[in-house]
There are 2 protein chains.
Amino acid sequence: MAVTDTNSWTGIREELLRRIHDRVWEPGAQIPHEADLAEEFGCARTTVNRALRDLAESGLVIRKRRAGTRVALNPPQRATLTIPIIREEVEALGKTYRHSLLERAYQPVPPMLHGVFHASLGEDVLYLKTLHFADERPYAFEERHINLDTVPQARERKFEVSSANEWLVHNAPYSRGDLSFSALNADEDTARILDCTPGTALFTMERITWTGDAPITHVKLIFAAGYRMRSTI
Amino acid sequence: MAVTDTNSWTGIREELLRRIHDRVWEPGAQIPHEADLAEEFGCARTTVNRALRDLAESGLVIRKRRAGTRVALNPPQRATLTIPIIREEVEALGKTYRHSLLERAYQPVPPMLHGVFHASLGEDVLYLKTLHFADERPYAFEERHINLDTVPQARERKFEVSSANEWLVHNAPYSRGDLSFSALNADEDTARILDCTPGTALFTMERITWTGDAPITHVKLIFAAGYRMRSTI
DNA sequence: AAAGATAATATGCATGCACATATTAACGTG
DNA sequence: CACGTTAATATGTGCATGCATATTATCTTT
C-alpha cells in the first residue's frame, strides 16, 4: 500500500504530507530515515531527500544531521510576499501605467526620519512626491526620501521618465529593508490626490532600505481605495 | 579566473550572483547553459542546476525549458513575512492574551466562498466569530469558516479554550495558502466590537489554507485601529 | 507561402554511488 | 563516575548518466 501514483519527488512529497496531515506521524514525532522511505517507495534516496528538503523548507518538518527528521511542532506560518515594481503590477492587470512627479525638492531630514537617517543629519535629502496611475486613474501615491550621502548620483536624476523606484532597484541594490503595512484614513489632501472621499480606508506600505548600515531610501506608498496586497504561502 | 573557492553549489551560486550583481550578465541577458557552466566550474551539471534552481526560486533568474536561463529584468523584491499566532504576537508585546468566542454555528457555504469551497457545496461549514484581546482591550476580530469535509474532527471542537487557529495549526497542517491584505472602513458592528468609531481605517488580513486541493479554512482578521504589520527583507 | 509535422536543444528529474559533516551513542581511561 | 575520545548514523552534497518534457527551429507538404 501507500504506493504513490508516480515516483516523482512531488508525488512522494504529497504522500509524506498526507501522512503528516492524517497524523500517521504526529507533530514532534520522528519519521523514518530517507533510506527506509526510499525502499518503501521504491525510489532512490535522492528522490526522498528532495521531497523532505522541500517539506523542511516550508517548515513542516525539522531535519538534523544525525538526529533524523521529525514533524514540526509549531509549523511556522511564513509567507513570501513579492513587492512588485508598481509599473509591473499595473501592467500585469492589463492596464496602462503612467506616473507623474508632483514635487521634487532638497530638504533637511524630516523629524520622522531622524531615527533612521541620523547618519546624514546635516545633509539634505531628495524628497519626491509621485502619483502612479493605472489607465489614467490614480493607483498609488508615493512619498520618498533619498539619502544623498548614500546615493549621490540621485542628486542629478530628474525621475520624470523612469520612476525613482525602478532607478534605485537597478542602481542602488540594497542589502536589507524594513517594511510595515497599515491602514490609514484618507485626509483631505490624500483624498483629493487619490480621487476618493476623505476618510476612506487606504492600504499603506512603508519601506526603508539599507545597504549595510547606510540608509538608501524611505518610501511611503498609499494605495488607492480597494487595493489588496496578495501573497501565497 | 572566476574559480570559486569550493565547488559546492552554494559557492557556485555566489559566483553567479556576483556576475549578475556586477552586470557581467546584464538584466535580460541570457546566461550560458548548465553544461557550459559546469565545464567552466569543473563540476557536474547537477551542481550548476542546483545553484541556478536556487537563484530561480529567489526570482533572480528566469528559466525555461528549451529557452535557457536569463537574468530577470526586474528582480522581484521579496519579503518573508511571518504570520504569528495571535496569542504569541500579543504575548510578545508583553500583554495578556485572551479570546472570546462570539458565535459558533454550522452554516451552508457562504456565497463569497463558493469559488473556493466548491468541493463541499452541499455540506455545512463551521462558522466561528472570535474576538482576540490584549490586556482586555480588543486586538483583532476574527471570522472563520472551517471546511468540515476536510477537517471533520473540528465538528466536535468547542474552540473555547484553545483558539481555532492554534488547533488547526496543530491538527490540520496545510500545504499552501492564499493571503490578502487590505484596508477597511469600520462598519457599525465592527466599530462596536473593536471599540473604535465607525469609519476608522482598519488593517485586514484574509487567508485561505489548503491541503492539496481541499480547502481547510478561511479566516478574515480585522485588527484594531493603529495595527501595523512589520517585516524585513 | 502558410500550416503542420519533425527534429534539435536546454532544462527537469530520477538513479546509484561515494564521500562529507554534524550529531549522538558507546566506549575507555583516569 | 566524570570526562574526553571514538565510532556509528542520518542527513547533506557531489558526480556521471540516462531519459522526460517543454519549447523553439527547421523541414516538409499542400
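Computed from a predicted model, the values in this text were never measured in an experiment.
- Taking atom CG of residue A/N49 and atom P of nucleotide C/dG16, one finds them 15 Å apart after rounding to whole Å.
- Residues satisfying the ring-ring contact (aromatic ring centres under 6.0 Å, His included) test with B/F133, not counting sequence neighbours, are none.
- For the pairing with A/L168, the side-chain contact (heavy atoms from CB on, under 4.5 Å) check across A/V219, A/T209, A/I216 returns one residue only, A/I216.
- Remark: A/E136 engages A/R98 in a side chain to side chain donor-acceptor pair (under 3.5 Å) (not counting sequence neighbours).
- Toward the 5′ end of DNA chain C lies the nearest nucleotide of B/Q30, the other residue of the pair B/Q30 and A/T47 mapping further downstream.
- The interatomic distance linking A/E34 (CD) with C/dC17 (P) rounds to 16 Å, in whole Å.
- Near DNA chain C, meaning a heavy atom under 4.0 Å away, the residues from residues 62-71 of chain B are B/R63, B/K64, B/R65, B/R66, B/G68, B/T69.
- Residues meeting the side chain to side chain donor-acceptor pair (under 3.5 Å) test with A/E143, sequence neighbours left out: A/Y127.
- C/dT11 atom C1' lies 12 Å from atom CD1 of B/I31, rounded to whole Å.
- Protein chain B contacts DNA chain D over a range whose 5' and 3' limits, counting nucleotides with an atom under 4.0 angstrom from a non-hydrogen atom, are D/dT13 to D/dA25.
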For residues 50-58 of chain A, dump all side-chain donor-acceptor pairs below 3.5 Å to protein atoms at least two apart in sequence or in another chain.
unit_1: A/R53; atom_1: NH1; unit_2: A/N49; atom_2: OD1; d: 3.3
unit_1: A/D54; atom_1: OD2; unit_2: A/R13; atom_2: NH1; d: 2.8
unit_1: A/S58; atom_1: OG; unit_2: A/L55; atom_2: O; d: 3.1

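- With sequence neighbours excluded, the residues that form a ring-ring contact (aromatic ring centres under 6.0 Å, His included) with B/H132 are B/Y97.
- Using a 4.0 Å cut-off between charged nitrogen and carboxylate oxygen, B/R19 and B/E15 count as a salt-bridge pair.
- Residues satisfying the side chain to side chain donor-acceptor pair (under 3.5 Å) test with A/T150, not counting sequence neighbours, are A/N147.
- Contacts classified as salt bridge (charged side-chain N to carboxylate O under 4.0 Å, His left out) and involving residues 217-233 of chain A (residues at least two apart or in different chains) are given here: A/R228-B/E206.
- Residue pairs meeting the salt bridge (charged side-chain N to carboxylate O under 4.0 Å, His left out) criterion with at least one member in residues 23-39 of chain A, sequence neighbours excluded: A/R23-A/E26, A/E34-A/R45, A/E34-A/R63.
- A heavy-atom distance below 4.0 Å to DNA chain D is reached by none of the residues of residues 50-58 of chain A.
- With sequence neighbours excluded, the residues satisfying side chain to side chain donor-acceptor pair (under 3.5 Å) with B/R155 are B/E123.
- Taking atom CZ of A/F41 as the reference point, atom C1' of C/dG16 lies 19 Å away to the nearest angstrom.
- Note on B/T46: a base of the nucleic acid sits closer than 4.0 angstrom, heavy atoms only.
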